[in-house]
There are 2 protein chains.
Amino acid sequence: MISSEVRDRIVETADELYNARGFQAVGMDELRAAARVSLKRCYQEFPSKSAIVLAVLEHRHRAWTEGLDALVRTADTPRGRLLAIFDYLARWFCEDSFRGCGFINSFAELGAVSPEVADYARKHKESFQHYVGDLAEAAGAPSYLAPQLSILAEGAQATAAIAGSPEAAGQARRAAEVLIDTALREGVSGAA
Amino acid sequence: MISSEVRDRIVETADELYNARGFQAVGMDELRAAARVSLKRCYQEFPSKSAIVLAVLEHRHRAWTEGLDALVRTADTPRGRLLAIFDYLARWFCEDSFRGCGFINSFAELGAVSPEVADYARKHKESFQHYVGDLAEAAGAPSYLAPQLSILAEGAQATAAIAGSPEAAGQARRAAEVLIDTALREGVSGAA
DNA sequence: AAATATAGAGAACGTTCGTTCTCAAGACAA
DNA sequence: TTGTCTTGAGAACGAACGTTCTCTATATTT
């Protein structure tokens, strides 16, 4: 069997299980069984469980980033692209498997004990903030807007996860409209 | 030795250790040693580790809520009281021990596996939203403002924790000013 | 002072988990 | 066919954890 195929199956299965129940709650044997792979094969593909965790984070980052970008590209105004972020959240929060941001969760569970996990979470969030920054700059907004919208998005994720309801996405979206319109009204002067 | 004194020492020590490294990473023996209590005594005060975890959440809720309210009361305008929330966050984020919101963290680590923990986190967040709702109502703001500010506060906590820097508090505060002033300008009509 | 109860220290127990090892079955080469 | 190599299934191992038990020493009561 092709190595990369088994690898992908392990990572995707691990992503689902870890998302549903947490990293520490899912043992290697359960993962092995769900991925229909022998334990030996698991350790041929990955040197340790920690390596699988990091591969899952990488997988999450790619999936999330690509999904977001795909939806953002469907909007045809700079303002619409900024708001599309919150439409993406709204769609995501409605999925049955939604259990909060995987990076906030990984940081909470393992960040204090694994510098690599903490680093990966930080890099993911930085990448998101940078992405929002590009969209905001393209909209001609002052530079303070992007962190504000990023914080709104993070808060919506945490709130929706804990409340178990998706309404935070809409609330954050309406707040984002106010922040965007105010920032655009104040003009590029803040950034220039 | 007085029971409640030992109890408090266990809970406070557990709070610090769990906050610093996570619930699952801190074993009963380490907690026992740090609290200078025998293992037997631990199990006389609490029936299980899970019970300690819940007691820690209760302790966190009280400490956080009281600390917030104390600062909010020092502000002398309704608008100032709403903004004081973010000053409280700013102060908190600068503490060395800050490792993110203990309830977001507990939900991420144990929420999927312990309904009691998930419930407690949800109740804490509901209580916070209710508190913000009261402040917003007293300020004469439309009812949509409170969830927006709550989401900002949650986002600031998550962002500051992962980034490891306190600047999110100030960014969230400036966003809050815009949201508050816009909401107040639009008037009570939205709530009436 | 003797008898009893209590507390602390930490050994012990049972379980779980990550990781490695064993062994038997099958694939392939010569 | 024979020998070699790989693979999967799962037993085994060592560590860690939550919890309980043992034992000894001290306190308390009469």
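Note that this is a predicted model, so its numbers are computed, not measured. Sequence lines set the chain letters: A, B, ... in the order given, protein chains first and strands last, and positions in each chain run from 1.
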Undergrad: Restricting to side chain to side chain donor-acceptor pair (under 3.5 Å), what partner residues turn up for A/Gln44, sequence neighbours left out?
TA: none
Undergrad: What's touching nucleotides 4-6 of chain D from the protein side, N or O pairs under 3.5 Å?
TA:
none

Undergrad: Can you pull out every side chain to side chain donor-acceptor pair (under 3.5 Å) where at least one residue sits in residues 58-72 of chain B? Sequence neighbours excluded, please.
TA: B/Asp15-B/His59, B/Asp15-B/Arg60, B/His61-B/His124, B/Asp69-B/Arg73, B/Asp69-B/Tyr131
Undergrad: CZ of A/Arg32 versus C1' of D/dT7: gap in Å, rounded?
TA: 14 Å
Undergrad: May I have all residue pairs that pass salt bridge (charged side-chain N to carboxylate O under 4.0 Å, His left out) and include part of residues 91-106 of chain B, sequence neighbours excluded?
TA: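 Sorted result for residues 91-106 of chain B: empty, none.
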Undergrad: Quick one: CG on A/Leu31 to CZ on A/Arg9, what's the gap to the nearest 0.5 Å?
TA: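 Spacing of CG (A/Leu31) from CZ (A/Arg9) equals 11.0 Å.
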Undergrad: In whole angstrom, give the distance that lies between atom CD of B/Glu30 and atom P of C/dG10.
TA: 16 Å
Undergrad: May I have all residue pairs that pass salt bridge (charged side-chain N to carboxylate O under 4.0 Å, His left out) and include part of residues 138-151 of chain B, sequence neighbours excluded?
TA: none
Undergrad: Mind grabbing the angle between the end helix axes of the helix from C/dA1-D/dT30 to C/dA30-D/dT1? Five pairs an end, 10° rounding.
TA: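 Angle reported: 10°, given to the nearest ten degrees.
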Undergrad: Within the 4.0 Å limit for protein heavy atoms, which parts of nucleotides 17-22 of chain D are touched? Write it as a string from 5' to 3', B for base, S for sugar-phosphate only, - for none.
TA: -SBB--
Undergrad: Is there any side chain to side chain donor-acceptor pair (under 3.5 Å) pair reaching into residues 151-165 of chain B, and which pairs are they, with sequence neighbours excluded?
TA: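 Every pair satisfying side chain to side chain donor-acceptor pair (under 3.5 Å) with a residue in residues 151-165 of chain B: B/Lys125-B/Glu154.
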Undergrad: Taking side chain to side chain donor-acceptor pair (under 3.5 Å) as the definition, give me every residue that meets it alongside B/Glu167, ordered by chain and number, with sequence neighbours left out.
TA: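 Per chain and number, B/Glu167 pairs via side chain to side chain donor-acceptor pair (under 3.5 Å) with no residue.
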Undergrad: Please set out all donor-acceptor pairs under 3.5 angstrom arising from side-chain atoms of residues 134-141 of chain A, sequence neighbours excluded.
TA:
none

Undergrad: Can you name the residues that form a side chain to side chain donor-acceptor pair (under 3.5 Å) with B/Thr182, not counting sequence neighbours?
TA: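 Result, side chain to side chain donor-acceptor pair (under 3.5 Å) vs B/Thr182: none returned.
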Undergrad: Tell me which pairs pass ring-ring contact (aromatic ring centres under 6.0 Å, His included) where either residue lies in residues 11-30 of chain A, with sequence neighbours left out.
TA: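 Of all non-adjacent pairs touching residues 11-30 of chain A, those that pass ring-ring contact (aromatic ring centres under 6.0 Å, His included) are A/Tyr18-A/Phe23.
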